[in-house]
Amino acid sequence: MPGGHFARAGLSERLSSPGRADVPEHEGALEHGAPAPTVIFLAPQGRRFDDVYASELARRERLLFVCGHYEGIDERAYALADEVISLGDYVLTSGELASMVVIDAVVRKLPGVLGAPDGPVDESFTSGLLEYPQYTRPASFRGQEVPAVLLSGDHGAVARWRRNMSLERTARWRPDLLEAFERAGNLTPADREFLETLAGEQGS
C-alpha cells in the first residue's frame, strides 16, 4: 500500500461481505452469524507489539493469524491484512512463533484466564514500570530471607515497598520506561523522594 500504510478494510471486511463478487465461496462460508475476524500478519514492518497493543487486541471478538515462512508473504497479500505486527528488531524463520507470543500475551488478558480478576493488572509494563520482586515460602532459604516488610501484615507498608521496588528496578534496568512514566505525569511526590534517595545512595 502507498506510503507503507496497510488496508484497514482488509480480509475481515471481505469475510463479512459474502455477497461480493470478489470473495471466493469458501471465504464466505467462514461467516455464519459470527463477527469477521481481525486478520493479522506478522512482519518486520508492522506495528511494534507491546502491552498496550495486547490490551487492544484482547477487546477484539476474533483474531486470525497469517504466518509467512522464510522470505515472508507475497507483497500483494498485505491488502488483505487488518493489522501487521512486529515483535521486535530480529527475524524468525516463520510467523508461528511470533503469533504464539501474541496469542499468549492477549489471551491472558481475558477475564477468568488467570483466575484472579486483578491477575494481569499489577505486572511489568501494565502500569508503565517493571514489576516488583516476587517471593514465596519458605521465608528463609539457604541464608536468603524474604524482606521483613512482606511478613509484617502492614498492607500499606507492603504496597509502598512494592512501589519502591518497581521504581528501583525500572530505574536500574529500563530507565527509558521510567522517563516515559515521568513524562506522563505518573510519579507521585513519594516516588520522587524515593528516587532522589536512591540516586544519592548510588552516587555515594
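When reading the values below, keep in mind they use all heavy atoms of this one structure, side chains included, and skip hydrogens, waters and symmetry mates.
When all heavy atoms of Val107 and Val113 are compared, the closest pair comes out as O-CG2, 3.2 Å. Looking at every heavy atom in both residues, Tyr53 comes nearest to Glu83 through OH-OE1, 2.5 Å. In this structure, Ile73 and Ala77 approach most closely via the heavy-atom pair CG2-CB, 3.7 Å. A pairwise comparison of heavy atoms in Gly46 and Ser86 identifies O-CB, 3.7 Å as the closest pair. Considering every non-hydrogen atom in both Ala171 and Leu195, the closest pair reads CB-CD2, 4.5 Å. Across all their heavy atoms, Ala58 and Leu110 have their closest contact at O-CD2, 3.5 Å.
Put simply, CZ on Arg174 and CZ on Phe181 are 14.0 Å apart, with the number rounded to the nearest 0.5 Å. Taking OG of Ser55 as the reference point, atom CZ of Arg59 lies at 6.5 Å (rounded to 0.5 Å). In this structure, CG in Leu177 is found 11.5 Å from OG in Ser166, a value given to the nearest 0.5 Å. To the nearest 0.5 Å, atom OH of residue Tyr70 and atom CG of residue Leu92 are 12.5 Å apart. The CH2 atom of Trp173 sits 8.0 Å away from the CG atom of Leu130 when rounded to the nearest 0.5 Å. Atom CG of Leu167 is separated from atom CG of Leu187 by 6.5 Å, given to the nearest 0.5 angstrom.
The shortest side-chain heavy-atom distance between Phe125 and Glu131 does not fall under the 4.5 Å cut-off. Counting only heavy atoms from C-beta outward, the side chains of Val66 and Val39 approach each other to under 4.5 Å. The closest side-chain heavy-atom distance from Arg169 to Pro133 is below 4.5 Å.
Taken together through direct or relayed side-chain contacts under 4.5 Å among Ile, Leu, Val, Met, Phe, Trp and Tyr, Phe141 and Val146 form parts of separate hydrophobic clusters. In the hydrophobic clustering of this structure, Val52 does not group with Leu42; members are Ile, Leu, Val, Met, Phe, Trp, Tyr whose side-chain heavy atoms approach within less than 4.5 Å, directly or through other members. By the rule that hydrophobic residues join a cluster once side-chain heavy atoms approach within less than 4.5 Å of another member, Met100 and Ile40 end up as members of one cluster. In terms of hydrophobic clustering, with Ile, Leu, Val, Met, Phe, Trp and Tyr side chains grouped at heavy-atom distances under 4.5 Å, Val91 and Phe41 are assigned to different clusters.
Without hydrogens or angle criteria, Thr170 side chain to Leu129 main chain gives no donor-acceptor distance under 3.5 Å. In this structure, the side chain of Asp82 does not engage the main chain of Thr38 through any donor-acceptor pair within 3.5 Å.
For Asp191, the side-chain hydrogen bond (donor to acceptor under 3.5 Å, both in side chains) test picks out Arg160, Arg163, Thr188, with sequence neighbours left out. For Pro44, there are no side chain to side chain contact (heavy atoms under 4.5 Å, CB included) partners at least two apart in sequence or on another chain.
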Residue pair Glu56, Arg47: steps toward the side chain to side chain contact (heavy atoms under 4.5 Å, CB included) verdict: CA-CA 13 Å; Glu56 292 177 16; Arg47 173 181 168 184; 3.0 Å; yes

For the pair Ser99 and Cys67, evaluate side chain to side chain contact (heavy atoms under 4.5 Å, CB included) and give the outcome as yes or no after the intermediate values. CA-CA 7 Å; Ser99 68; Cys67 304; 3.7 Å; yes

From CA spacing to verdict: side chain to side chain contact (heavy atoms under 4.5 Å, CB included), Val102, Ile85: CA-CA 9 Å; Val102 174; Ile85 295 176; 4.3 Å; yes

Check against side chain to side chain contact (heavy atoms under 4.5 Å, CB included), Phe65 and Glu96: CA-CA 9 Å; Phe65 291 86; Glu96 284 86 352; over 6 Å; no

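Enclosure of atom CG in Asp89 is not indicated, since only 12 or fewer non-hydrogen atoms of other residues, nucleotides or ligands lie within 6.0 angstrom. Within a 6.0 Å sphere centred on CD of Glu145, other residues, nucleotides and ligands contribute more than 12 heavy atoms.
Between Glu182 and Arg192 there is a salt bridge, since at least one side-chain N of the basic residue sits less than 4.0 Å from a carboxylate O of the acidic one.
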